[in-house]
Amino acid sequence: MAHEEMIKDNSKLSSYDAYFGKIQSRKKLPQSMQETLTAAFASIPVSSFPEVPGGKVIEILADTSVADALKILSECNILSAPVRNPDTENSSDWRDRYLGIIDYSAIVLWVLESAELAAVALSASTATAAGVGAGAVGALGALALGATGPVAVAGLAAAAVGAAVAGGVAVDKGMGKDGATAADKLGEDFYKVILEDEPFKSTTVRSILKSYRWAPFLPVSTECSMLSVLLLLSKYRLRNVPVIEEGKPDIKNYITQSAVVQGLDRCNGRDWFDLIAMQPISELGLPFMPPAEVISIQGDELILEAFKRMRDNQIGGLPVVEAPKKKIVGNVSIRDIRYLLLKPELFSNFRKLTVMDFMQTIASQETGKVIPPITCKLDSTLASVIQSLALKSVHRIYVVAGEDDGVIGVITLRDVISCFIYEPPNHFDNNLGFAVKEILNQ
């Protein structure tokens, strides 16, 4: 078992190396420039990075319901927040104070798994007809449905699960692997079972935090270098890095990919920035993925399938395209789940809700029309891409080509940050340490 875990750990770190290695080989920048830039970031302490708006990091208590956590994220217009343990307020160690980070991705993962289980349960006879009481199933029922630990944590109505088990549909475990199939099984009771009643109202952030996270909780000290932070946000796939002061338990700052790219945008006009940013993205090897690897969704597919596709591929958004040339007509991001959960009255016919209907409904509540997706061409400069990402506060820009504006690539915040740095030999071991390696392998 130990040998298998070691192979898994090495494989995970190797995937980081493979991504970053591909980028470094395609950037076509002089080695001397790379070294100068990287050395500059290595000399900048994290303490010099601007603080979050208002100077206070927004935190969410662990016992907050998922519904209320979603409202906080939405109202504050943020994608994630540190989760604080109310049971350890007197501790002077941040390891006790904080349990992790809650973000839209965790909520999407939880909702999708709950929805898939509900699809099975709702396709069975009622609990009364099956003769199953509300407390008769518990975790056993979830296991019978082929569900993993998080489903039992989610607390889906035991009566519904029991009905599914007793009704003989528990063996239909394949349903949980197909978002479209699951959606087609959902009736008008979806919101009552999942959102308006249980488990949405009573499930806490604490109970879903570890099971549904995409990335570890990894703070750095104010004395750490910005190079280490940029590597964590690019090569090592973190979307945010909490900052702490040595000897103090509270989070002092919260550095996100978006904040870094907005900071880069303010560097426009400086020699070191212009040397890279004024080059066409194609000269920097962008986009880093070939067209065949672009994950997309069509407008007539179900919105549940869109969120499932994001979950399965661990990405935060999808271009909405028209076949056969993948002409881009819109964008769906993981944070759009807030509309489904906070305004269920807008989506009464969930089982038939397509991506296009979803986008048009959202638009009717805001601008009145579907907002065009953010795009660029292969001859666009990196500076223009950074400016679009910063001004629009988006996390990805789609590269299009041809008269039909077919999608041929995606440039993410992570990709942009990666253009400015490389990892010096032994930097990981010398500056991040063994403990960080263990956390990244979780």
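Numbers here simply count residues along the sequence, with the first being 1. Keep in mind it's a predicted model, so treat the numbers as computed, not measured.
- Glu59 and Tyr98 are linked by a side-chain donor-acceptor pair at a separation below 3.5 angstrom, with hydrogens and angles left out of the test.
- Residues Asp63 and Arg206 meet the side-chain proximity criterion, which asks for heavy atoms closer than 4.5 Å.
- Expressed to the nearest 0.5 Å, how far OG1 of Thr64 lies from CD1 of Ile72 amounts to 5.5 Å.
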Inset, instruction - Kindly indicate, with the supporting measurements, whether the criterion side chain to side chain contact (heavy atoms under 4.5 Å, CB included) is fulfilled by Leu318 and Ile295. - result: CA-CA 7 Å; Leu318 296 172; Ile295 313 257; 3.6 Å; yes

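- Between the side chains of Ser418 and Tyr19, at least one donor N or O lies within less than 3.5 Å of an accepting N or O.
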Inset, instruction - Just do the salt bridge (charged side-chain N to carboxylate O under 4.0 Å, His left out) check on Arg309 and Glu301 with the steps written out, would you? - result: CA-CA 11 Å; Arg309 207 162 290 177; Glu301 294 186 76; 2.9 Å; yes

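- Without hydrogens or angle criteria, Arg396 side chain to Thr412 main chain gives no donor-acceptor distance under 3.5 Å.
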Inset, instruction - Check the pair Gln298 / Glu322 against side chain to side chain contact (heavy atoms under 4.5 Å, CB included), numbers first and verdict last. - result: CA-CA 6 Å; Gln298 295 191 46; Glu322 290 180 349; over 6 Å; no

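- For Arg239 (side chain) and Thr256 (main-chain N/O), no donor-acceptor pair under 3.5 Å exists by modelled atom type.
- Closest of all the heavy-atom pairs between Ala401 and Ile408 is CB-CD1, 3.8 Å.
- Here Arg84 pairs with Asp250 in a salt bridge; the nearest charged N to carboxylate O distance falls below 4.0 Å.
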Legend entry - Verdict with supporting geometry, Ile101 and Tyr254, side chain to side chain contact (heavy atoms under 4.5 Å, CB included): CA-CA 11 Å; Ile101 291 174; Tyr254 195 66; 3.5 Å; yes

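- Both the sub-6.0 Å distance and the 45° axial angle are not jointly satisfied by Arg95 relative to the ring of Phe217.
- Side-chain contact between Leu286 and Val399 is absent, with no heavy atoms from C-beta onward closer than 4.5 Å.
- Separation of atoms CH2 (Trp272) and OG1 (Thr36) is listed at 12.5 Å; rounding is to 0.5 Å.
- Each of Ile421, Leu231, Val229 was compared with Phe41 under the side-chain contact (heavy atoms from CB on, under 4.5 Å) criterion, and only Ile421 meets it.
- Look at Lys325 and Asp404 and you find a salt bridge, because one of the NZ, NE, NH1 or NH2 atoms lies within 4.0 Å of a carboxylate O, short of that distance.
- In the model, Asn240 has a side-chain atom that pairs as donor or acceptor with a side-chain atom of Ser80 under 3.5 Å.
- Here the CZ atom belonging to Arg237 is positioned 10.0 Å from the CD atom belonging to Gln257, to the nearest 0.5 angstrom.
- Taking 4.5 Å as the limit, every side-chain heavy atom of Ser296 sits out of range of all side-chain heavy atoms of Val320.
- Residue Ile386 holds its CD1 atom at 9.5 Å from CD1 of Ile417, rounded to the nearest 0.5 Å.
- The NZ atom of Lys377 sits 7.0 Å away from the OG1 atom of Thr375 when rounded to the nearest 0.5 Å.
- Using a 4.5 Å heavy-atom threshold, the side chains of Leu233 and Val260 count as touching.
- In this structure, Lys252 pairs ionically with Glu51, as a charged nitrogen and a carboxylate oxygen lie closer than 4.0 Å.
- Note on ring orientation: taking the six-membered ring where Trp is involved, the planes of Phe358 and Phe307 are perpendicular (angle over 60°, cut-offs 30° and 60°).
- Residues Val385 and Ser388 form no side-chain contact, since every pair of their non-hydrogen atoms from C-beta on lies 4.5 Å or further apart.
- Counting heavy-atom neighbours within 6.0 Å of Gln31 CD, excluding the residue itself, gives a total above 12.
- With respect to the salt-bridge test (charged N to carboxylate O, under 4.0 angstrom), the residues Lys308 and Asp312 qualify.
- For the residue pair Ser228 and His427, a side-chain donor N or O sits within less than 3.5 Å of a side-chain acceptor on the partner.
- Side-chain atoms of Asp68 and Val205, non-hydrogen and from C-beta on, never get closer than 4.5 Å to each other.
- Judged by distance alone, the side chain of Ser48 and the main-chain N or O of Ile44 form no donor-acceptor pair under 3.5 Å.
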Inset, instruction - Decide yes or no on side chain to side chain contact (heavy atoms under 4.5 Å, CB included) for Val355 and Leu302, but give the supporting numbers first. - result: CA-CA 6 Å; Val355 171; Leu302 296 172; over 6 Å; no

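- The structure places CG of Asp415 at 7.0 Å from CE of Met289, a figure rounded to the nearest 0.5 Å.
- The backbone N or O of Pro50 sits less than 3.5 Å from a side-chain atom of Asn253, completing a donor-acceptor pair.
- Side chain of Asp103 to main chain of Ser105: a donor-acceptor pair is present (N/O by atom type, distance under 3.5 Å, no hydrogens or angles).
- Counting heavy atoms from C-beta outward, Val57 and Pro82 have side chains that approach closer than 4.5 Å.
- Judged by distance alone, the side chain of Arg338 and the main-chain N or O of Arg335 form a donor-acceptor pair under 3.5 Å.
- Within the 4.5 Å cutoff, no side-chain heavy atoms of Gln262 are placed close to those of Leu389.
- Counted by atom type alone, Asp17 and Ser14 present zero donor-acceptor pairs between their side chains at under 3.5 Å.
- A donor-acceptor pair under 3.5 Å links the side-chain atoms of Ser364 to the main chain of Thr361, judged by distance alone.
- Side-chain atoms of Gln279 come within 3.5 Å of backbone N or O of Leu275 as a donor-acceptor pair.
- Under the 3.5 Å distance criterion, the side-chain polar atoms of Asp336 are matched with a main-chain donor or acceptor of Ser333.
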